[in-house]
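Lettering of chains follows the sequences in order, A, B, ..., and the numbering in each one begins at 1.
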Amino acid sequence: MTFSPELIAQSIITGIMIGGVFALISVGLSLIWGVMRIINFAHGEFLMVAMYIAYFLVARGGWDPYATLLVTTPALFLLGALIFRGTIRPILGHPSMNQIMLTVGLSLILQNLALVFFKADVLTTRTEYTRMILSIGPVIIRVPQLIAFIGSALTAFLLYWYLQRTDTGRAIRAAAQNKQAATLMGVDVQRIYLLAFGIGSATLGVAASLMISFYYTSPTVGLFFGLIAYVVVVLGGLGNFLGTLVAGLIIGLTESVGAAILPGSLSRVLTFALFILVLLFRPQGLFGGKRA
Amino acid sequence: MLDVQQVSVHYGAFQALHEVSLQVPAGKVVSLVGANGAGKTTLINTISGLLKPSGGAIFFEGQDLTRLSGHQVAGLGLAQIPEGRKIFPEMTVYENLLMGGYSAQARKLRSQTLEEVYTLFPRLRDRHKQLARTLSGGEQQMLVIGRALMMRPKLMMFDEPSLGLAPLMVKAVFEVVVQLKARGMTILLVEQNVRQSLRVADYAYVLESGQIVLEGESRAVLENEHTRRAFLGL
């Protein structure tokens, strides 16, 4: 078999674009894990909720897809904060099996609620951006993907800056590294947990608005992105912010280049083969685990 | 300044403290000594609001602490230097110190306090960009003390500050306590190192199995027959 260099170049470009979005979806999961040692198995379903919000604003409300950010981001912050307060906070510090049961249960509830309210239809939007392309030689860049990539990079940078440079961001990292010491400094750790869970969820609101121009919505759309996020977070090293960003790009490239050179949906096999290899040979992730 | 009144603490069915009463007057160094497991850390964590007492009351400058949570107690200017050097390992020395100045009142004077801490511990200034986990044990202890000073505390509670340090560092830690005392800081010093801590303290309490068995001027406690036998091996 031979592959044209154009095809490879095209799949690398697409992979980087999608990888940026994967990275954004994963940093929230990584942040929540890093701060309170909870894996939110409903992370993908939170994204699904955000995508429905974005979809209805665009398809029914006639909103510009990127303007939906103003709704999806605070809505997801609120959703995360409420779910944290109501269900996750009471089981912090409980055996991890209980926590897994709870968040898996949440994901099933959200999926089925979506089925009840929105049916199993696959919904797509058609916006003025959907068909825009840029051609660089033989390589085509789809404008909505480019915007999604840039938007994801900006959001991840903003979040990184917030965690590194602001007092509240430092308090989030301090609570992650030593809860007791943070309390002794006057940090209200419970409030920080709520905030971290809200922020980790709000990133999904951003991601949904960035993707709505070129990605479909359905009750099970969260399954795919949830799985991708777990793979990315483990690959990057649990709780390692920068590692997660790099891992997002790696998985984006694996998916995209894999799809170009392998038949059918074998690229997914490639992604999970990579995941299993990492678990076997470098369980701490490519860049090592960290506490936020 | 600090008034602990008949405080009891339970861990489930086990009673760790039995009606412990203790006072720390402003400007004084009070030492709390006792063997491992006597309940010293339990008492200090109860004062800090990390544990809830099952009985009794704790007053700080006349305010009842028993209903406050840990971060609220810290906000009142009550700093604990916890046992085992609880630094923020993945933060730089500078960021660790900034965290000390997190509460609202401390934040206003943060850059000024930072200068004072760097003057007291020049090593921290030299290493301010280093990750805290790369410091030596003694340097980490200095960092934890510096971080507590960043809170601009009214009362500092040291929990076993010399534990696990090399003899030279132990000496340095006690010198810091003496320096802080000279500046008028109020200090509650919890130590297993009975001889050293009674030497710097004005007043001392001896805790055994969760009860205060002896209290008095440091010199008197140091010369007491019971203390000598129980802690000094004399």
**OP:** Tell me, out of Pro89(B), Pro82(B), Gly49(B), Ala104(B), who's got the most heavy-atom pairs with chain A below 4.5 Å.
**Re:** Pro89(B)
Subject >> Heavy atoms of other groups near Tyr230(A) OH, more than 12 under 6.0 Å >> reply: yes
Original post:
Arg173(A) pairs by side chain to side chain contact (heavy atoms under 4.5 Å, CB included) with which of Glu90(B), Glu95(B), Met99(B)?
Top reply: Glu95(B)
Subject >> Residues in residues 52-80 of chain B that sit under 4.5 Å from chain A, counting heavy atoms only >> reply: Gly70(B), His71(B), Ala74(B), Gln80(B)
Original post:
What do you reckon, is CZ of Arg282(A) surrounded by more than 12 foreign heavy atoms closer than 6.0 Å?
Top reply: yes
**OP:** Measure distances from Arg85(B) to the heavy atoms of chain A and classify the residue's part below 4.5 Å as side chain, backbone, both or neither.
**Re:** neither
Original post:
When heavy-atom pairs shorter than 4.5 Å are enumerated against chain A, which of Met91(B), Arg107(B), Met151(B) gives the highest number?
Top reply: Met91(B)
Subject >> Heavy atoms from other residues, nucleotides or ligands near NZ of Lys181(B) exceed 12 (cutoff 6.0 Å) >> reply: yes
Original post:
With side chains defined as the heavy atoms from C-beta onward, is the minimum distance between Gln180(A) and Asn45(B) less than 4.5 Å?
Top reply: yes
Subject >> Arg125(B), CZ atom: more than 12 neighbouring heavy atoms under 6.0 Å >> reply: yes
Subject >> Minimum-distance pair of heavy atoms, taken over all atoms of Thr183(A) and Leu50(B) >> reply: CG2-CD2, 3.7 Å
**OP:** Using a cut-off of 6.0 Å, state whether more than 12 heavy atoms not belonging to Tyr162(A) lie near its atom OH.
**Re:** yes
Original post:
Which heavy-atom pair separates Asp167(A) from Tyr102(B) by the least distance, and what is that distance?
Top reply: O-CE1, 3.7 Å
